[in-house]
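Please read the structure below before turning to the comments.
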Amino acid sequence: MGTKPWLYPAPAYRPLESFWDTDDDAPGPRCSHTLTAVAATKTHGPRLILFGGATEIEGGGGGAPGIRLDGVTNSIHSYDVLTRKWTRIRPAGEPPSPRAAHAAAAVGTMVVFQGGIGPAGLSTDDLYVLDLSNNKFKWHRVIVQGNGPGPRYGHVMDLVAQRYLVCVSGNDGKRALSDAWALDTAQKPYVWQKLSPGGDRPSARMYATASARSDGMFLLCGGRDTSGAPLGDAYGLLMHRSGQWEWTLAPGVSPSPRYQHASVFVGARLHVTGGVLRGGRAVECDAAVCVLDTAAGVWLDGHGLVTSKGNKGQSDADPSLEAMRRCRHAAASVGIRIYVYGGLRGDVLLDDFLAADNSQFLSDNLGIASPDRSPMATTPRLETTFVAPISSSDDRSEIPLSGFLGMDKSSMEKLAEASAAEAQVANAVWQSAQAASIFPEETAVSDGNSMSIETPSDGSDNDVDVHLHPKAVVVAKEAVGNFGSMVRQLSLDQFDHESRRMIPSAGDVSNPTKKFIRQQSPQGPHKKVISTLLRPQNWKPPVNRKFFLDSYEIGELCYAAEQIFMNEPTVLQLKAPIKVFGDLHGQFCDLMRLFAEYGFPSTAGDITYIDYLFLGDYVDRGQHSLETICLLLALKIEYPENFHLIRGNHEAADINALFGFRIECIERMGESDGLWAWTRVNQLFNYLPLAALIEKKIICMHGGIGRSINSIEQIEKLERPITMDAGSIVLMDLLWSDPTENDSVQGLRPNARGPGLVTFGPDRVTDFCKRNKLQLIIRAHECVMDGFERFAQGQLITLFSATNYCGTANNAGAILVVGRGLVIVPKLIHPLPPPLQSRETSPERVAVETWMQELNIQRPPTPTRGRPQPEFDRNSLAYI
């Protein structure tokens with residue numbers, strides 16, 4: 001089928017055995033109810049809260065059966081995920097009226113309910129809060145000032161960015177609606193705000209579903225339009241830092257339109273089940289269970305990638321798909337498990353309870369929480385608990401495991417070791433969510449009419465330690481046929497070359513928060529650059545090598561980016577999750593490969609939930625320095641708060657005049673325009689920030705700490721714009737110094753790059769980290785065979801993202817994904833093999849080889865560590 005191995009098909013749902021003490025504790029048959037996952041507390045594990053719904057139905061006059069309003073209930077049942085036991089609970093306080101087709105959302109250890117329809121018609125639009133804190137169940141009615149969504153049913157609601165209750169669509173008793181409302185749970189008095197989002201707005205609809213991704217993306221899926229037709233589209237709603245909300249149409253081909261279905265996020269995957277078509281006919285076959293992978297931008301069914309609409313026929317009936325022929329059911333997720341309860345099949349009310357794991361791969365390899373983190377502070381959509389895969393036979397019982405209850409130390413360590421075994425872009429979502437402490441442990445209701453919601457602190461979590469995950473994600477060497485782009489996990493002790501840092505080559509000469517925001521700027525050169533170059537899957541180099549921007553457009557691009565850099569500090573203060581890139585050196589194809597394999601910065605990619613940081617050396621050596629620097633600047637303009645660049649030693653005119661960038665500008669733009677563009681870009685380089693601090697625990701720089709840098713304040717005091725010749729020894733060390741050969745070489749030593757440069761030992765790294773209360777240094781500047789290399793007992797990591805450096809090194813490229821829990825996962829790509837066609841039929845290959853050969857004649861790269869070095873003249877560029 002061509003489906004990539006990390007695009008796991010939609011899972012199969014199987015019956016889940018559960019228990020109750022009395023018949024009254026069992027939820028019984030029902031439809032149009034809600035099922036909401038609630039996070040664990042200090043005294044109780046995670047729970048599912050089932051509320052309301054219809055317990056009787058009536059004929060639909062020849063059409064689809066409808067709910068019988070006098071059979072609607074307001075009963076509430078709690079399912080304990082750890083014990084698999086249902087209990088009916090009777091909270092104190094005034095309960096909401098009986099209702100169905102209402103909306104519910106979890107806010108910490110509370111569940112908020114709104115709207116619906118009952119025996120008396122439309123329910124009021126009051127917010128009712130079920131408080132589960134401290135096992136003292138109580139109802140509260142929240143007073144909201146001003147106008148709100150009003151009475152409605154068939155609508156959707158969820159908590160966005162752990163703060164905003166968002167309510168969308170539905171029916172007010174007269175027509176289907178398309179409006180959107182938000183309530184800030186952190187600000188009193190509570191007020192509903194009617195939103196006017198930009199972007200591609202969804203049409204009016206009811207009976208849609210919606211779920212909020214852990215990073216704050218609210219995804220609306222399907223529904224029924226004003227004519228009664230089912231819809232197959234999906235829209236993401238996101239709030240920018242400016243406060244502006246924006247709709248974005250989700251990519252991919254939905255397997256079927258539908259309404260009265262259920263959906264819930266697990267990581268980046270929206271799991272969609274059941275639903276009906278026009279006339280109440282059930283969605284059948286493979287389309288009954290599907291997944292929208294929002295990281296990859298594709299829909300998947302039980303067989304894999306969906307490429308066209310419509311149900312696929314089956315020769316043999318699949319019982320798991322047959323079980324999902326239902327509508328008006330409810331779904332929720334805890335960890336990697338999706339739960340489905342009840343619903344309607346034809347004219348039969350259902351009381352079955354089903355579950356599925358996000359994928360067998362995730363079931364086997366994703367852990368709960370790091371051993372040093374309490375799982376009780378996590379959201380139920382994260383790895384709060386781990387439940388063994390559902391038994392496929394009756395004689396094997398399901399064994400629940402929990403990071404909080406009943407897990408011994410060895411089990412916890414085993415799960416933690418496996419927790420990063422996800423691949424491609426979806427892994428970034430899990431990394432951002434896996435150790436996140438985004439919900440408060442407890443939320444308290446101060447009185448019967450108010451709701452108190454804690455919000456995450458802006459400071460870093462001082463209880464979390466930085467540590468490198470024991471496994472790296474590796475994209476295998478591209479192979480001929482169907483085995484290319486295979487993704488696997490390797491233990492770090494399997495990296496044979498990790499201790500072999502490349503000897504520096506001739507180009508290295510010494511002369512020199514976490515919120516998403518999208519720049520709302522008018523159409524400019526950066527838009528043109530992004531639309532032309534940000535094509536991770538299908539970018540092709542220009543045949544004639546002519547660059548598509550003129551010097552005026554490059555000047556505009558530089559000016560816009562420069563204004564942003566001028567307002568940034570010298571040392572950036574960043575938050576996890578974040579992806580860190582090492583040297584690129586004009587190897588634009590490698591940048592596209594890394595984007596394609598591990599996510600790219602776009603609202604269709606992963607920029608909404610993970611930041612990007614590049615450590616310099618964007619130009620020289622490779623033959624696409626113009627594409628590389630222009631795209632990075634354009635992305636900086638488009639996402640100024642989420643896309644970050646710092647300076648490398650090749651971001652200096654006297655360096656890149658010698659090692660490729662100046663030559664490339666002249667060759668591809670003409671002498672006059674090329675020289676002007678090269679000069680203007682180098683003026684911008686003088687404004688680049690010089691280092692970045694992640695969560696106040698990880699410092700990132702291009703080179704190192706050398707002999708002179710003892711504190712972060714020394715870097716912060718460097719004033720920009722700054723040139724290499726005007727810079728101090730601090731700037732020289734920051735951009736040019738290297739670690740010593742290995743951990744056994746202590747202190748300061750001369751650097752083979754040239755006179756006046758030094759290498760620094762592990763003792764310097766330990767002292768610097770201790771003085772500055774840091775746990776890790778991430779730096780670039782040196783080619784390493786596996787793309788990353790540890791030094792100083794893991795307190796320093798060298799990162800290099802370009803593969804097959806200078807066309808001769810045959811090294812892998814890597815990035816580091818720093819999760820919200822400060823677990824760092826290396827992700828690798830290997831060099832591409834030579835193309836199948838000959839040199840004569842591959843002009844692009846000839847151009848690459850010619851470019852590399854000409855540059856290497858002037859500055860031949862030195863061999864890898866451990867191999868004999870050529871006898872270079874100490875005064876030559878090759879020696880330096």
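This chain uses plain numbering: 1 for the first residue, then up along the sequence. All values derive from a computational prediction rather than experimental measurement. Below, all heavy atoms of this structure are taken into account, side chains as well, without hydrogens, waters or symmetry copies.
- Using a distance-only test at 3.5 Å, with no hydrogens or angles considered, no donor-acceptor pair links the side chain of Asp620 to the main chain of His585.
- Between Lys770 and Asp767 there is no salt bridge, since no side-chain N of the basic residue sits under 4.0 Å from a carboxylate O of the acidic one.
- Checking side-chain atoms of Tyr559 against main-chain N and O of Leu557 turns up no donor-acceptor pair under 3.5 Å.
- Every residue two or more places apart in sequence or in another chain was checked for a side chain to side chain donor-acceptor pair (under 3.5 Å) with Ser602, and none qualifies.
- Of the residues listed (His781, Glu651, Arg647), the one engaging His702 in a side-chain contact (heavy atoms from CB on, under 4.5 Å) is His781, and it is the only one.
- A donor-acceptor pair under 3.5 Å is formed between the side chain of Glu553 and the backbone N or O of Asp550.
- Without hydrogens or angle criteria, Thr740 side chain to Val745 main chain gives a donor-acceptor distance under 3.5 Å.
- Side-chain atoms of Asn811 come within 3.5 Å of backbone N or O of Asn804 as a donor-acceptor pair.
- Remark: Arg720 does not engage Glu568 in a salt bridge, criterion side-chain N to carboxylate O under 4.0 Å.
- Glu556 and Lys528 are not joined by a salt bridge, as no carboxylate oxygen comes within less than 4.0 angstrom of a charged side-chain nitrogen.
- Taking the side chain to side chain donor-acceptor pair (under 3.5 Å) definition, one finds that Asn656 meets it with Trp678, Asn682, sequence neighbours left out.
- Side chain of Asp590 to main chain of Thr803: a donor-acceptor pair is present (N/O by atom type, distance under 3.5 Å, no hydrogens or angles).
- Under the 30°/60° scheme for interplanar angles, the aromatic rings of Phe643 and Phe614 are found to be tilted.
- Remark: Lys827 does not engage Glu597 in a salt bridge, criterion side-chain N to carboxylate O under 4.0 Å.
- Distance alone, capped at 3.5 Å, is enough to place a donor-acceptor pair between the Arg545 side chain and the Gln623 backbone.
- With hydrogens and angles ignored, the 3.5 Å screen pairs no side-chain donor or acceptor of Gln795 with any backbone N or O of Val765.
- At least one donor-acceptor pair under 3.5 Å links the side chain of Thr570 to the backbone N or O of Leu718.
- Asp738 and Arg779 are joined by a salt bridge, as a carboxylate oxygen and a charged side-chain nitrogen come within less than 4.0 angstrom of each other.
- By the 6.0 Å contact criterion, CZ on Phe548 is enclosed, its count of non-hydrogen atoms from other residues, nucleotides or ligands being greater than 12.
- Not a single donor-acceptor pair under 3.5 Å links the side chain of Tyr612 to the backbone N or O of Leu645.
- Put simply, the residue from Arg621, Glu782, Gln587 that forms a side chain to side chain donor-acceptor pair (under 3.5 Å) with Tyr805 is Arg621.
- Of the candidates Phe661, Tyr618, Trp539, His624 forms a ring-ring contact (aromatic ring centres under 6.0 Å, His included) with just one, namely Trp539.
- In terms of the side chain to side chain contact (heavy atoms under 4.5 Å, CB included) criterion, residue partners of Asp733 (sequence neighbours excluded) are, by chain and number, Arg707, Ser708, Ile709, Ile729, Ser737, Val758.
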